[in-house]
Every structure is written in C-alpha cells, then in structure tokens.
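Only one structure is covered here, and it is reproduced in the block below.
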4 protein chains.
Amino acid sequence: MWLSVDPRSPKPVYQQVVEGVKEAVARGLVACGDRLPPVRELATTMTLNHNTVARAYQELERERVIEVVRGRGTFIAASGPRPDREDRVRALTAGMREMLVEAHHLQMSDDDLLALFRATVDAWRRERGLVGS
Amino acid sequence: MWLSVDPRSPKPVYQQVVEGVKEAVARGLVACGDRLPPVRELATTMTLNHNTVARAYQELERERVIEVVRGRGTFIAASGPRPDREDRVRALTAGMREMLVEAHHLQMSDDDLLALFRATVDAWRRERGLVGS
Amino acid sequence: MWLSVDPRSPKPVYQQVVEGVKEAVARGLVACGDRLPPVRELATTMTLNHNTVARAYQELERERVIEVVRGRGTFIAASGPRPDREDRVRALTAGMREMLVEAHHLQMSDDDLLALFRATVDAWRRERGLVGS
Amino acid sequence: MWLSVDPRSPKPVYQQVVEGVKEAVARGLVACGDRLPPVRELATTMTLNHNTVARAYQELERERVIEVVRGRGTFIAASGPRPDREDRVRALTAGMREMLVEAHHLQMSDDDLLALFRATVDAWRRERGLVGS
DNA sequence: GTGGTCTAGACCACC
DNA sequence: GTGGTCTAGACCACC
C-alpha cells in the first residue's frame, strides 16, 4: 500500500491521509480513474476509524483530487484548474520565505538552500522515474 | 516595531512570535546582543496574554536564538552550530517535498516551482539589501 | 436522446432522471401522449441500474408527469392541476429566499439577482423558441 | 435566538446550521465582529452534538463567513470576494432553470414565476427593513 | 474556556 | 456495498 500514517505526528491523521493520497497522485502511483479503497476498508487496513477516513475523502473531493460516484466508490479525478489557485501559490511563496528564515538560523546561505532545493527536486524526479520504468 | 501577529491565522500565536523574532534576525533587523522587550511589556504592546509571549521566549531560548540573563533581560544570541541541525535540515527537505506535491496539484512543473523558488530568494535578497543600505 | 445523467453529481441519479424528463416536458421536447422507453431499455441505454430508472418512473407517476398503462407502456400525462400545488409553490418561494441569502454572500444586491433571474428566463425562452421553429 | 433546526428535514443538520448563520448575516441580524456562541454552548442550546456544531463552524470558516480566533471564540467575518464566486453564480443560474421547469409543471408561466420572484424579493426587503427600524 | 480531533457504534440514502 | 451523518464521550493544543 502506498499510504501510511504516523499517529504520533502532530499533523492530524485525516490530513496525513489527504497528503498521502495527493503525494501518490503526484508520484504517479495512482492515476486518473483509479479506484480508491472503500472508506471502511481503508479504515480497517490502516486501523483508523471510518469517520477519519471519510473526512479525508471529503477533503480530497473538495480539493477535486478525487471524485465520489454515489454507491459505486471513489476514484482519482482528472486534474484541472482550481478556483483558489492564486491563494495556494501565495501560500507556497510564504512557505519558501519561512524556509529562508530557517536556513539562516541553520547557518545555510541562500545559495546553500537553493542547492538543497535543486537536489531535492532531482531526487524527487529520480524517484518518479523509477515508477515509469 | 518589527513584529506583528495575526490572531485569525491558523498558526498558533506563540509560534508567530517565535517566527517573527527569527525572521527579524534573518533580515538583520536585530543583531547579536540586542535586547528584547520584557515579556510583560511585549505582551502589553501587542495585546497578547503574557503567557503566550513567555512561551514564545522559552521556545526561542530552547532554539538558542535568544539568551535570558537573569535579572538583566533577554538578548539576541550569537549564532552558532545547533545540536539538532541534521533533524532540522531533514525537516526542510520534507517541506520541499510537500511543495513538490502541492505544485503538481496546482499544475506547476518542477521547473516552474524551481523558478518560483529562485524568484522568492531574489525578492528576499533585495529586501535584505534595503536594510543594509 | 434528450436525457443525460452525471454519475459524479451530488444529486441522486434517480432524481436526475426525474428532472431530466420534467425538463424535456417543459421544453416541449416531449408532449402529452408520447411514449417513454421501457424501464429496462432506458436503463441499458444510459448504463444505469434498472432499479434506479424504476424509482424515477415511480416518482414521475406520483407527480402525475407520466402515466403507466399496464401492459401498454409509459406515457407523458396531460398537464393538469396538482393536489399539492400550494406546498410546491411554497417550496419554490423557499428556494428563492435561499438564493437571496446566497446572493448576499456573493455580494450581489437583490437587484443584481433579479437581473440575473430575468436574464435566465430570457435565455430559457430563447432556447424554447428554437424548438418550436 | 435567530437559529433553528428541523431534525426531520432531509437537509443535514450541520448544513441547516450553516445556512441559518448565513441567513442571519444576510438579514442583518448579526454583523461583522459579532461573536457566535461557543461550539459546546450552541450544541447544548440546540440539543445537538458538539461535533455537529463544530462541523458547521468549520464549513462557515471555510466559506469565510466567520473567523475563528484561537482560544477566544468565533466571530462574524467581514464580507469579501470569494475565490469560487463564478462557480457559485453558475450554480445560482442552474437553480433558476430548475425553478423554470418546476413552474411549468405547476402551470405557472415564466411571467408568473418572475412575478413570484419579485414578490419574494419585496417581502425579503420588507423583513430586512424591520430590523433597521 | 475555546475549538479541533479521534474512536465507537448506530442509522440512513443511494445504487 | 458505498459514502454520509449523527450522537456520545474522550483527549488535546492553545489562550
């Protein structure tokens, strides 16, 4: 299974599920049209309550990552434009600024951070590449 | 004042204070040896509960960003190596991976994200430059 | 075919069928006496469960939009007065009030909403007009 | 209290709470900055579970109708632009088209419906007017 | 005190 | 079988 959750993390469990699914999509582990496990089945598999999984699925549907087909199941949606795209790009930039602050306190220069970012992107690409091959 | 807090933000107030101080340091607005306002004074100025400010100062001390000198006050610490540096760099990398996932769902390519990162670094440098001049 | 259904819609499928038939009547695409396809045939055509179609037909019969003649088939009914007319007009008014609330939150004035309503009626009339010509 | 819920309604309870608050805002019964009752207090008052009220508040926050101030309470937000405005206006238009279909089956002409709409807007305005006087 | 999260278990509509 | 809703009751972070 391409999904795991750490109950000790400060991050809410339902949100870890949300991010796990989004990461699987971004990695190409699941693709448009693929079926997700039923709420209660995933709950059992991951020893979570079905409400927790249901909440994650609802959030994913709201973000248009998945589509719920009544009585039949839940599927990965086609990717499309988001109405709140600008807000989210702004949040991305804000996150980058926080990283610059953090880097300073770790005595990394801006260029060190940029290098780390490039390295992380490369590692990400290599991992994705493994999927396709 | 180089510090501000948004009570409506989902980010805990004490953490906003922590990050605000760390950002001021990174920007060069305050430097090693500068004195911070006493807990109660800062609390009054920013209309916060003094417990909130105290908690922020404790966290900043734990991170060795500030030093509390009993009976004298609180001061910006000299920057030095951190014992938990590796953990924090790992956290930074994890954050970058989250950004890659988010970018995918905003239909930005890895290169788009890298470009945004470079642009953000440049903007940050320009702002810092203004301080020094 | 003048009927289509979106399985991903939050609206129940059987209700989409009900509304689809009622819309076709309102548009003049089908008229009193026209025959509807048998339940199983419509189910096959639209790749729906026959139970779903049957439920829609039952609802349409209850609303006296269609008439089921045993052994002969299903037909569009003559329009006539409804016993529950008052309830349904009340429901219509309630829906309009909900629209007024929604409009407020979209920063549309009552007059904006009225204008939108008028435009929608005009568009509807134009579409109907195309049918008659 | 300007809020009530019908447990027999097919509409989910949490959604009735959401709409109740939005209606109160649209009616001017509550205004920007007003405090809402705490989750558990409202739950007790309305004999609902606190989870149900919490869910309603979360939905209202997501729609930017209210703002949650950590540890202090929940307040009516200033009205501002919504990122999903277009989608919602489209939904409004779709609702109007459904009303046109329904009107046909109630043997109301388009003009009858328009008149009903105008009357409903007028009634709404009169009710709002009472608040200010 | 304030809202947020989670499990447990029941019930429901829809397909 | 499928997801959605609700109550009950516990625990938690934050202010």
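In what follows, chains carry the letters A, B, and so on, assigned in the order in which the sequence lines appear, proteins first and then strands, with residues in each chain numbered from 1.
In this structure, R55(B) reaches the dC14(F) phosphate: one of its side-chain N or O atoms is under 4.0 Å from OP1 or OP2. Contact annotation: Y14(D) reaches the phosphate of dT5(F) (side-chain N/O to OP1 or OP2, under 4.0 Å). The phosphate of dT2(F) has OP1 or OP2 within less than 4.0 Å of a side-chain N or O from R35(A). Taking 4.0 angstrom as the limit, Q58(D) places none of its side-chain polar atoms (N or O) nearer than this to OP1 or OP2 of dG3(E). At dC14(E), none of the side-chain N or O atoms of T52(C) fall inside 4.0 Å of OP1 or OP2 (strictly under the cut-off).
For a distance-only test at 3.5 Å, the side chain of N49(D) fails to qualify as a donor-acceptor partner of the base of dG9(F). Within 3.5 Å, no donor on the side chain of N51(D) pairs with an acceptor on the base of dG3(E), nor the reverse.
Across all strands, L48(D) comes closer than 4.0 Å only to sugar-phosphate atoms, never to a base (heavy-atom distances). Nucleic acid contact for V13(B): sugar-phosphate only, since backbone atoms but no base atoms lie under 4.0 Å from a heavy atom of the residue.
Between E61(D) atom CD and dT5(E) atom C1' there is a gap of 15 Å when expressed in whole angstrom units. Between the CD atom of E59(A) and the P atom of dC6(E) there is a distance of 13 Å, given to the nearest Å. To the nearest angstrom, P of dG4(E) lies 12 Å from NE2 of H50(D). The distance between atom CE of M46(C) and atom P of dC15(E), rounded to the nearest whole Å, is 12 Å. In this structure, CZ of R8(C) is placed 18 Å from C1' of dT2(F), rounded to the nearest angstrom. Between the P atom of dG3(F) and the CG atom of L36(A) lies a distance of 9 Å, rounded to the nearest Å. What separates CZ of R72(A) from P of dC15(E) is a distance of 10 Å, to the nearest Å. Here dG9(F) presents its P atom at 13 Å from CZ of R40(D), a figure rounded to the nearest Å.
Salt-bridge annotation for R27(A) and E23(A): present, with a side-chain N of the basic residue lying under 4.0 Å from a carboxylate O of the acidic one. Note on E98(D) versus K11(C): salt bridge recorded, some NZ/NE/NH1/NH2 to OD/OE distance being below 4.0 Å.
For R70(D), whose side chain is taken as the heavy atoms from C-beta onward, the closest listed nucleotide among dC14(F), dG3(F), dG9(F) is dC14(F).
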Determine, step by step, whether R35(C) and T74(C) satisfy the side-chain contact (heavy atoms from CB on, under 4.5 Å) criterion, reporting the C-alpha distance in whole Å, the side-chain angles of both residues, the deciding distance to 0.1 Å, and the verdict.
CA-CA 6 Å; R35(C) 193 175 182 226; T74(C) 303; 5.9 Å; no
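Both K11(C) and E41(D) lie close to DNA chain E; mapped to their nearest nucleotides by heavy-atom distance, the more 5′-ward contact belongs to E41(D). With DNA chain F read from its 5' end, the first of the two nearest nucleotides for P38(A) and T47(D) is the one closest to P38(A).
Checked options K22(D), R85(D), R82(D); the residue passing with E63(D) is K22(D) (criterion: salt bridge (charged side-chain N to carboxylate O under 4.0 Å, His left out)).
Closest approach of A54(A) to V39(A), counting heavy atoms only: N-CG1, 3.9 Å.
Using Watson-Crick or G-U wobble geometry with both donor-acceptor distances under 3.5 Å, dG9(E) finds its partner in dC6(F). Under the Watson-Crick or G-U wobble criterion, with both distances below 3.5 Å, dC14(E) is paired with dG1(F).
Within a 6.0 Å sphere centred on CZ of R64(B), heavy atoms belonging to other residues, nucleotides or ligands number 12 at most.
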